[in-house]
Q: 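One structure coming up, written as C-alpha cells, with questions to follow.
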Protein chains: 2
Amino acid sequence: MRIVIDAFGGDKAPGAIVKGAALARKELGVEVVLTGSEDLIRETAAGSDVSLEGIEIVHAPLVMDMHDEAKLVLSDKKDSSMGRGLRLLADGQGDAFVTAGPTGAALMGATMIVRRLKGVKRPALAPVMPGLKRPFMLIDCGANVECRPEMLDQFAVFGTVYMRHMFGIESPLVGLANNGAEDSKGTQLQIDAYKLLSENPRIRFGGNAEGRDIPLGEFDVVVTDGFTGNLILKVTEGLGLSMISQLKTMFTKNLSTKLAAVAMKPALREFRDKNDHEKVGGAPFIGVRKPVIKAHGSSGETALLNAVRQAVRWAGSGVSEEIERELAASQSKDGKTESE
Amino acid sequence: MRIVIDAFGGDKAPGAIVKGAALARKELGVEVVLTGSEDLIRETAAGSDVSLEGIEIVHAPLVMDMHDEAKLVLSDKKDSSMGRGLRLLADGQGDAFVTAGPTGAALMGATMIVRRLKGVKRPALAPVMPGLKRPFMLIDCGANVECRPEMLDQFAVFGTVYMRHMFGIESPLVGLANNGAEDSKGTQLQIDAYKLLSENPRIRFGGNAEGRDIPLGEFDVVVTDGFTGNLILKVTEGLGLSMISQLKTMFTKNLSTKLAAVAMKPALREFRDKNDHEKVGGAPFIGVRKPVIKAHGSSGETALLNAVRQAVRWAGSGVSEEIERELAASQSKDGKTESE
C-alpha cells in the first residue's frame, strides 16, 4: 500500500503534514510519498527532528493557494504539490491521495486527472460526521453546488457502499435532507429525487431526513446537493466550536467549577474529540477511480494521520469496484447505457 | 394591548397554552383573548386550577391538525382556533396573534387573512437564534421554499428593521448564507441576491455568511431561502438536543462526575437555556400587517409566555410601519411601482 500526501496543503503545512506523514509511515506501516518542494520538506523535517526514513519525496515546486482558481491545478500549477500528487495517483504510482489543500482544486483535479469510475455522473465530497445515535455520511458537501435528481440517486449508492464496507453496516439507511417529512416537501429537486430514491432497489431508503434528524443520527447516509450539504456541514462545525467555547467559559467561571472540570476531564476530552471536526480526519471524495481524501484545511498532524488511516482502509476495501458494479447493475436494469 | 392566542395549537395544547395565557395576563398585564372550544378551555382551566379572570374566550369549535392541508384554514377549517384567531387580528380585535399550531397553515392564514404590508413580496418566518457572539435572525426559515433574489433583498430589510427596533442594534450586519466567501459562490439565486444586497443602501451588507459564521454569531441577520433556512434551523435544534443529551451522559457517569454536576448546576442551566430552542419563545412571521408569532410546536407554558412577551414588544415597536416606509423608499428610488 502506497499513500501519496500533498506536503503543502492546508494552514499548517508543511510542518504538521510532514510530521503526520512520518507518523503514518511509522504507525500504519505503509509506503508514504510526499509531494512538494524537496528542499523545503527536508528543511522542515530537519528543523523539527522528524525522520524521513522510508518516505519518498517527489519534487513539485509550486503550491495551490486557496485564492488560486481551481482549474489552475490542471494547467499553470500542474506542477504543484497537489497536481503532482494527483498525477502520481492517476499513473498508478500510489493507491490513495490525501490533501489538506483547497477543496475546489482538489475536486477538479481528482475528477479531471484521476477520472471518474465507470458509470459515475458526478463524484461527491462526503464526510462521515458524528451523530448522536451513530456516525453518518453527508453526501454531497460541496463538490456539486447544483445537482440533478439522478446525481442524488447515485450519491445514495456511493454512500451505501462506503458505509457498508468501511463501517460494516449491512444495509445502511438512506435519508434525503429536506424541510419536512412528506414526499411533497422541498424544491423540485427533492420531489424528483424522492421518487428516484424510493424506486431504487440498491439502497434502503428511509424517506426524508429533516434537519433535526441529521445530527441525532437517524440515518446512516444523508443525501443532499452540495450547496445545502456545505451549509449543514459548516453550521455543524461552527456549533461544535461554539459549544466547546461555551463549555470552556462554564468550567473556568470560579473555583468550584474549576474543581468540577478536573473531575470531568476524561469525559470532556471525549466530548471534545467527538464534536471537534479536526479529529475526524478527512472527507472522502467518492466516485473517482482511486481514493482521494480531502483533509480539513486546519489539519494538524493527528488529523492528517487519521486521514491517512482512512485512505489505507478505503484503498483496501473494494468500495470503488462495488460502486462500479452497483451502477452497472442499475443501468442494465433500466436498460440504459451510460449517459455521460 | 390585546393579544390573541390559539388555545389549541401545539403538542401540549390546550393545557400548556391556557396556563401560559394566564401567566401572560398576570405577568405582562395585557388583555388576552383565547380562541378555541369554550367548553374545553374552561374545563382545562378548572382541571388545573388556572384562573381565567380577565381572559376573553372566543369560541371556535375546530382545530387545525398538523396533517391538515394548510389551505383548510381558509375554508373548511376557518372556524378553527387558528382561523378564528387570525380573523380577529385582521378585523382589528387584537394587536398580535400567537400560535403553536402547524406552521404551513399559520403562514398561509396570516398571508391571506391578515394580509401583507404594503410593498411586501413575501412574508418570511424569521426566528432569532442564539449565536456565540450575539443572537441573530435567520430569515427565511421555511415560509418560502423557493425564493427569487428580490425576495432575499426584502428579507434583509425586514431583518434590519426588526433587529433595530427589538434588539436596539442601530445598524445590523446582514450576511447571505452561502457555501463560500466569494461573491461568485452559491447557486444563481445567491449570486443574484449578493448583487442586490451589495447595492441596497437601506441595509449594512457584510457579504456571505458561511455555515460556520452563522452559529458563531458573526452577523445580526442571516438571509436565505426557506428551504436552506429550515435545514439550518432544524440542524441547529437537533445539535442542541444532541449536546444536551451528551452532557447528561457525561455528568451521570460516576460519583465524581455527579458531584461535579452539582457544582456546575447554575452554569449548566444557563447553557441549557441558551441552547434549548424551547426557551426561545417563537418565530416572528414578518411582512404581514400585524404581528403573528409562530411558537414552537412543543411549546410549554414558559415558551408560550415568552412568545406573548415578544408579541407585546413587537406590536408596540413600530417595526411594521418602518418596514413599509423602507420598502416605499427603495421603490421610489428605483422608480418602480409595487410589482405584486
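Sequence lines set the chain letters: A, B, ... in the order given, protein chains first and strands last, and positions in each chain run from 1. The structure presented is a predicted model; accordingly, all values stated were derived computationally and were not measured.
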Q: Identify which of B/Lys253, B/Lys133, B/Lys185, B/Gln190 forms the greatest number of heavy-atom pairs closer than 4.5 Å to chain A.
A: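 Top count of heavy-atom pairs under 4.5 Å with chain A: B/Gln190.
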Q: Minimum heavy-atom separation for A/Ala267 and B/Met250, please, with both atom names.
A: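 Looking at all heavy atoms of both residues, the closest pair is CB-CG, 3.7 Å.
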Q: Can you tell me which of B/Gly240, B/Ser245, B/Ser242, B/Gly186 forms the most heavy-atom pairs within a distance under 4.5 Å of chain A?
A: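 Max contact count across the listed options: B/Ser242.
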Q: Looking at every non-hydrogen atom in both residues, tell me the closest pair between A/Gln188 and B/Glu146 and how far apart they are.
A: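 Between these two residues, the closest heavy atoms are N-OE2, 3.9 Å.
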Q: What's the spacing between B/Arg212 CZ and A/Glu237 CD if we round to 0.5 Å?
A: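 The CZ atom of B/Arg212 sits 5.0 Å away from the CD atom of A/Glu237.
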Q: Using a 6.0 Å cut-off, check whether atom CD of A/Glu150 has over 12 heavy atoms from anything other than its own residue.
A: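 Check passes, neighbour count above 12.
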Q: From A/Thr249 OG1 over to B/Glu270 CD, what is the distance, rounded to the nearest 0.5 angstrom?
A: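 Here the rounded value is 9.5 Å.
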Q: Is there a side-chain contact between A/Leu239 and B/Leu132, using heavy atoms and a 4.5 Å cut-off?
A: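 A side-chain contact under 4.5 Å is absent here.
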Q: Considering only heavy atoms, which portion of B/Asn178 lies under 4.5 Å from any heavy atom of chain A: side chain, backbone, both, or neither?
A: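 When you check distances to chain A, atoms from both the backbone and side chain of B/Asn178 fall under 4.5 Å.
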Q: Need one label for A/Thr257: side chain, backbone, both or neither, based on atoms under 4.5 Å from any heavy atom in chain B.
A: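 Both the backbone and the side chain of A/Thr257 come within 4.5 Å of chain B.
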Q: Which atoms of A/Thr187 are under 4.5 Å from chain B, going by heavy atoms: the side chain, the backbone, both sets, or neither?
A: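 Contact with chain B is through both the backbone and side chain of A/Thr187.
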Q: Do you know which of A/Glu182, A/Lys234, A/Glu210 has the most heavy-atom pairs under 4.5 Å to chain B?
A: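 Highest number of pairs under 4.5 Å: A/Lys234.
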Q: First locate atom CG of A/Asp225, then atom CG of B/Asn179, and finally report the distance between them rounded to the nearest 0.5 Å.
A: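 One gets 9.5 Å once the value is rounded to the nearest 0.5 Å.
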Q: Less than 4.5 Å to any heavy atom of chain B: does that hold for the side chain of A/Leu259, its backbone, both, or neither?
A: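 No part of it gets close to chain B.
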Q: Can you say whether B/Leu233 sits under 4.5 Å from chain A via the side chain, the backbone, both, or neither, judging by heavy atoms?
A: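 When you check distances to chain A, no heavy atom of B/Leu233 falls under 4.5 Å.
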Q: For a quick test of reading the model, state the closest non-hydrogen atom pair linking A/Thr228 to B/Phe227 and the distance between them.
A: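 For A/Thr228 and B/Phe227, the tightest heavy-atom pair comes out as OG1-CE2, 3.8 Å.
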Q: Less than 4.5 Å to any heavy atom of chain B: does that hold for the side chain of A/Asn230, its backbone, both, or neither?
A: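 Just the side chain, heavy atoms under 4.5 Å.
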Q: What are the two closest non-hydrogen atoms of A/Leu216 and B/Gly238, and how far apart are they?
A: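 Looking at all heavy atoms of both residues, the shortest contact is CD2-O, 3.6 Å.
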Q: For the residue pair B/Ala263 and A/Ala260, what are the closest heavy atoms and their distance?
A: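 Minimum heavy-atom separation between B/Ala263 and A/Ala260: CB-CB, 4.1 Å.
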Q: Taking C-beta and beyond as the side chain, do B/Ile214 and A/Leu231 meet within less than 4.5 Å on heavy atoms?
A: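 B/Ile214 reaches A/Leu231 side chain to side chain.
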